[in-house]
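Along the sequence shown, residues are numbered consecutively beginning with 1. Every number for a ligand or one of its atoms is a count from 1 in the order of the listing.
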Amino acid sequence: MDHVALDVSGNTENIHDKRRSKSLKRHWNQLSKCQRSCIYTVVVVLSLTIFYLVSTESEKSQLANLEDSTVDSKKEVLNNIKNDPRDVDTVFNEVEHDGQVLEEPSGVEVENNRNQVLLPPKVLRKFTGPTTPRQEAVVKAFKHAWKGYKQFAWGHDHLKPITEGYSDWFGLGLTIVDSIDTIYIMGLTKEYAEAREWIEKHLHFDVNRDVNLFEVTIRVLGGLLSIYHLTQDRMFLTKAVDLADRLLPCFDSESGVPYSDVNLFTRKAHAPKWSPDSSTSEVTTIQLEFRDLSRITGNSKYENAVSKVSLHIHNLEKKDGLVPIFINANTGQFRSYSTVTLGARGDIPNGFLFIGELLVGGKDFKPKMDHLTCYLPGTLALGVHNGLPDNHLKLAEELLITCYQTYAQQPTFLAPEITYFNIQGENSNDIYVKTNDAHNLLRPEYLESLWYMYQFTSNKTYQDWGWQIFQGFENYTKVKNGYTSIGNVRNPLNVRPKDMMESFFLSETLKYLYLLFSDDPKLLDLDKYVVNSEAHPLPIYSS
Ligand code: DMJ
């Protein structure tokens with residue numbers, strides 16, 4: 001038997017090599033055909049195994065490199081796949097939407113810890129347009145409003161439909177950004193293209209203007225994030241990140257409770273001009289948007305800012321668990337003796353349940369209910385759906401009836417801004433409206449509640465109530481160039497049009513009506529989406 005000698009001398013190397021090769025060749029020739037085939041097979045199998053092991057290692061190291069770099073879309077998708085229970089094909093297919101290859105990101109910075117980037121549950125779905133006659137009527141209303149806005153107020157915040165003009169509050173094209181997800185959900189492709197193009201080309205945030213943190217967060221940041229999730233179009237995300245970075249200085253107060261206003265260009269934040277305090281509801285209602293942004297980008301700074309506020313307010317001392325309406329950003333304390341607007345309830349002649357206000361730090365009760373409060377039945381129902389006690393649903397149903405009365409008792413079938421309740425039992429009327437409170441701003445809160453309640457109970461009466469209210473809007477607020485707020489719901493002969501169509505009419509009011517009239521209970525699945533304060537759906541994350 002030959003052996004291989006270890007030769008350390010350079011001179012003899014070639015001779016040994018030749019001998020060894022001759023000897024191997026002789027052995028090979030002596031083998032049978034079958035033996036040679038066996039050896040071939042073993043060599044091929046071994047080579048394939050080695051090749052597989054080497055390429056797996058190389059892929060692992062590529063992924064590790066990605067984790068340290070600024071993201072680009074393909075890298076992000078690759079990375080997200082690691083955290084995503086869905087299969088690779090599903091995720092990649094979703095990145096191409098409706099045959100449109102998605103934008104490369106520009107300037108979206110993502111923090112290094114890529115493991116923090118979470119994909120939401122699979123929520124992408126196609127919205128193909130109205131399927132019921134009532135939905136068709138709502139889409140027609142939307143198109144009418146959009147046409148007027150496009151003609152007379154394009155790129156401005158709000159349409160003034162009577163004087164054929166516009167009004168600018170923040171100068172951010174509010175109506176477009178606020179309503180683009182409604183457009184998408186209604187399946188309006190032409191309007192979607194117009195809105196998307198305006199946002200891409202004209203929505204810039206380096207404007208030397210003070211804006212309100214809450215309003216811009218719920219309407220603009222929420223709008224951008226929502227449409228980003230619905231379409232996966234990264235152009236919207238890029239804009240959202242830019243905006244959020246300009247809003248963040250609001251949170252740089254001593255207490256962490258945000259200032260109410262910020263200049264988007266100088267990024268200087270401050271309290272409102274008329275008061276040292278921020279509004280408690282405003283500073284606490286901007287959680288979803290900032291948390292969502294941290295989940296998408298992997299940058300925890302947005303979530304950190306808002307969760308600090310949440311923790312702070314939870315830790316403050318409260319009376320019966322209720323909080324006053326003002327809080328100081330510097331001290332982090334509630335304003336003494338301020339009103340609690342959502343505080344108590346009492347029976348009136350026909351036993352309607354309502355929400356009143358506690359004044360002077362909770363000492364006096366005022367039987368007054370803003371239309372804004374009619375969001376509460378829906379929120380209670382959502383709570384029950386997510387595990388809160390069942391008796392909250394009973395409360396929700398009763399409040400829903402009371403809010404219905406605020407519409408049904410007016411000859412226009414439209415609710416006033418504020419309703420008072422007769423708790424003295426002086427006459428047989430349950431409710432009354434003061435002249436200064438008789439306006440209707442096309443608000444959505446009650447329709448929002450009807451939609452939630454319909455989602456969870458399937459009670460078609462709620463659809464019918466929504467339809468009655470929609471007829472009220474059609475009869476008394478529809479004008480030649482859109483829809484207008486009105487000054488008096490009590491007089492159908494003179495509703496006193498106020499010449500203003502707020503963005504939330506398209507963002508919320510018409511969206512909730514469209515959803516309410518759907519025959520598909522999962523058109524917007526409340527186990528997959530959570531809806532922000534301005535009706536912008538955002539995905540629910542598992543953690
Ligand atoms: C909207 O901007 C939002 O719903 C906000 O939370 C309250 N006010 C209006 C609608 O009435």
For Glu508, the ligand 1 atoms whose distance to one of its heavy atoms is below 4.0 Å | 1 (C), 2 (O), 3 (C), 4 (O), 10 (C)

Does Tyr514 offer a backbone N or O that forms a donor-acceptor pair with the side chain of Ser518 under 3.5 Å?
-> no

The closest protein heavy-atom partner of atom 6 (O) of ligand 1 is Ser533 OG, 2.6 Å

Under 6.0 Å from the NZ atom of Lys140, do we count more than 12 heavy atoms belonging to anything else shown?
-> no

Under 6.0 Å from the NZ atom of Lys368, do we count more than 12 heavy atoms belonging to anything else shown?
-> yes

Take atom CZ in Phe456; do more than 12 heavy atoms of anything else shown fall under 6.0 Å from it?
-> yes

Specify the protein heavy atom at minimum distance from atom 2 (O) of ligand 1: its residue, its atom name, and the distance to 0.1 Å.
-> Glu534 OE1, 2.6 Å

Would you kindly specify which portion of Glu502 sits under 4.0 Å from ligand 1, judged on non-hydrogen atoms: side chain, backbone, both or neither?
-> neither

For Pro444, counting its heavy atoms only, list the atoms of ligand 1 lying under 4.0 Å from any of them.
-> 10 (C), 11 (O)

Could you tell me whether ligand 1 has any atom less than 4.0 Å away from a heavy atom of Arg219?
-> yes

Criterion side chain to side chain donor-acceptor pair (under 3.5 Å) against Tyr259, the qualifying member of Asp252, Asp277, Asn330 | Asn330

Would you please indicate yes or no on a ring centroid separation below 6.0 angstrom for His204 and Phe265?
-> no

Under the 6.0 Å and 45° cation-pi test, does Arg295 pair with Tyr541?
-> yes

Looking only at protein heavy atoms, identify the closest one to atom 8 (N) of ligand 1 and say how far it is in Å.
-> Arg443 NH1, 3.6 Å

Which segment of Ala535 sits under 4.0 Å of ligand 1 when only heavy atoms are counted = neither

Starting from atom 10 (C) of ligand 1, which protein heavy atom do you reach first, and at what distance in Å?
-> Glu445 OE2, 3.1 Å

Per-residue contact class, Leu441 against ligand 1 - non-hydrogen pairs under 4.0 Å = neither

